[in-house]
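Every value quoted in this text rests on a predicted model; they were computed, and no experiment measured them. Proteins come first, then strands; the chains are lettered A, B, ... in the order of their sequence lines, and each starts at number 1.
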Protein chains: 2
Amino acid sequence: MKMSEGVEWAAHVCILLHWLQADDATPVPAARLAEAYDLPAPYLVKQVQALTRAGITESVSGVRGGLRLARPAGEITLMDVVTAVEGGAEAFACTEIRKQGMNAERPASDFRGPCGIAHAMRQAELAWRRHLASVTIAALADATPSSVPHDARRHFSRA
Amino acid sequence: MKMSEGVEWAAHVCILLHWLQADDATPVPAARLAEAYDLPAPYLVKQVQALTRAGITESVSGVRGGLRLARPAGEITLMDVVTAVEGGAEAFACTEIRKQGMNAERPASDFRGPCGIAHAMRQAELAWRRHLASVTIAALADATPSSVPHDARRHFSRA
DNA sequence: CAAACCTGGATAAGTTCTGTCCAGGTTACG
DNA sequence: CGTAACCTGGACAGAACTTATCCAGGTTTG
Ligand code: SF4
Ligand code: SF4
């Protein structure tokens with residue numbers, strides 16, 4: 001029950017891209033993003049590749065290329081970022097142990113449909129997902145004191 | 001974002017104990033529980049030890065000892081079982097990367113309080129926990145076709 | 001064509017999960 | 001009392017996943 005560290009990185013990257021794109025939408029090289037948060041560049045690249053594959057970011061090849069958000073930050077949710085980085089698999093993976101051991105000879109018809117455990121786990125996870133889906137990158141960015149994004153823009157312009 | 005397999009085992013063990021204790025409350029040896037679901041006995045023991053430490057089950061030492069539920073199944077929730085087995089740590093572990101890199105020289109006062117990301121993650125996880133806390137072992141047991149618990153009792157009595 | 005940038009795959013190190021084992025301790029029962 | 005059934009905790013492999021690095025392409029600018 002541990003979320004990968006890449007989620008935090010990816011979320012920050014999205015927010016940062018949103019700030020930097022206030023005016024124009026020139027792409028930002030992944031190496032610069034890594035440097036901005038002092039992260040291992042090659043690994044961060046792997047994570048943003050996942051974002052790109054998920055359609056959250058767009059990549060531009062070639063000189064002066066880089067990354068930019070593929071859609072407005074208001075249409076990107078934390079849920080999108082989490083699923084992009086972590087994969088969409090459910091946290092609770094049922095292995096159907098009820099069919100083993102003492103119940104091995106029981107007819108399959110006794111086990112049609114998911115049992116209560118699996119169902120409850122799925123519902124709980126849905127509640128979690130719904131909550132994450134209600135938070136957009138734009139909302140997170142707006143909740144930050146304005147000096148931070150301002151300095152971020154300055155940091156990226158001089159260089 | 002993956003839940004340990006032990007959670008499924010532990011949940012089944014709790015339900016099974018509840019069924020077997022319909023009348024009396026004689027403890028059940030862990031080895032028998034493992035056999036009932038065809039699980040590796042030594043490892044299952046590890047998981048139920050976690051249940052015992054969390055006060056969900058009680059263990060009885062000595063000959064004819066074993067495990068029993070420490071309180072009525074209606075007062076044991078899925079949340080209890082999950083935290084017992086998985087530990088109470090939060091899924092999203094913030095590493096405060098916002099303080100690194102370009103913001104390294106920013107005064108600590110700019111970062112007081114958790115940021116939006118950490119807050120949203122915490123809220124989502126709370127929603128998940130609340131949902132799990134609303135499901136009791138008794139409710140799960142009741143939702144199973146009655147032939148299954150009946151056979152379970154038979155399976156454990158002859159032997 | 002060179003330099004800056006991305007992509008994907010291979011690979012290694014580190015950590016967690018899964019599973020086993022053993023040396024104690026406790027109780028029932030003959 | 002001694003043995004057998006049962007639990008506990010810790011130590012220890014092996015598998016699996018996470019984290020991190022590297023390299024051989026491909027694309028675009030100038
Ligand atoms: S009873 Fe439920 S949790 Fe258990 S194995 Fe079957 S589906 Fe999975
Ligand atoms: S900004 Fe939020 S998510 Fe990022 S490091 Fe700080 S507290 Fe963690």
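With C:dT20, C:dT18, D:dG9 as the choices, the nucleotide that has an atom nearest any side-chain atom of B:Glu5 turns out to be C:dT18. Nearest nucleotide to the A:Pro40 side chain, out of D:dT21, D:dC7, D:dT8: D:dT21. The B:Ser61 side chain lies nearest to D:dC7 when the options are D:dC7, C:dA3, D:dT21. When distances run from any side-chain atom of A:Val63 to the nucleotides C:dT7, C:dT18, D:dT29, the shortest one goes to D:dT29. Distance from the side chain of B:Thr52 is smallest to D:dT8 among D:dC6, C:dG8, D:dT8.
The distance from atom CZ of B:Arg53 to atom C1' of D:dG9 is 8 Å, rounded to the nearest whole Å. Rounded to whole Å, the distance from CD1 on B:Ile97 to P on D:dT19 is 13 Å. Between B:Arg68 atom CZ and C:dT27 atom P the separation is 13 Å, expressed in whole Å. In this entry the distance linking NZ of B:Lys2 with C1' of C:dT15 reads 16 Å, nearest Å. Summarising the geometry, the separation between CH2 on A:Trp9 and C1' on D:dT19 is reported as 7 Å, rounded to the nearest angstrom. Atom pair A:Leu39:CG and D:dT18:P shows a separation of 18 Å (rounding to whole Å applied). With rounding to whole Å, A:Leu67 atom CG is found 15 Å from D:dT28 atom C1'. Summarising the geometry, the separation between CD on A:Gln47 and P on D:dT19 is reported as 7 Å, rounded to the nearest angstrom.
Nearest-nucleotide positions on DNA chain C for A:Gln49 and B:Gly62 put A:Gln49 closer to the 5' end. Looking at which nucleotide of DNA chain D each of B:Ala31 and B:Met1 is closest to, the 5′-most match is held by B:Ala31.
When heavy atoms are screened at a 4.0 angstrom cut-off, B:Lys46 is found touching base atoms of the nucleic acid.
The shortest distance between the side-chain N/O atoms of B:Arg32 and the OP1/OP2 oxygens of D:dC6 is not below 4.0 Å. Put simply, B:Ser59 has no side-chain N or O that comes within less than 4.0 Å of OP1 or OP2 on D:dC6. Within the 4.0 Å cut-off from OP1 or OP2 of D:dT21, not a single side-chain nitrogen or oxygen of A:Tyr43 is found. Not one side-chain nitrogen or oxygen of B:Arg64 sits closer than 4.0 Å to the OP1 or OP2 atom of D:dA4.
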Stepwise side chain to side chain contact (heavy atoms under 4.5 Å, CB included) check, B:Ser4 with B:Val85:
CA-CA 8 Å; B:Ser4 117; B:Val85 174; 4.0 Å; yes
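Proximity of A:Leu44 to A:Tyr37: side-chain heavy atoms (C-beta onward) are nowhere separated by under 4.5 Å. With contacts defined as side-chain heavy-atom distances shorter than 4.5 Å, the pair B:Pro27/B:Leu67 does not qualify.
Side-chain N or O atoms of A:Thr77 include none that pairs as donor or acceptor with a backbone N or O of A:Ser134 at under 3.5 Å.
Annotation: B:Arg71, atom CZ; neighbour count of heavy atoms from other residues, nucleotides and ligands within 6.0 Å is above 12.
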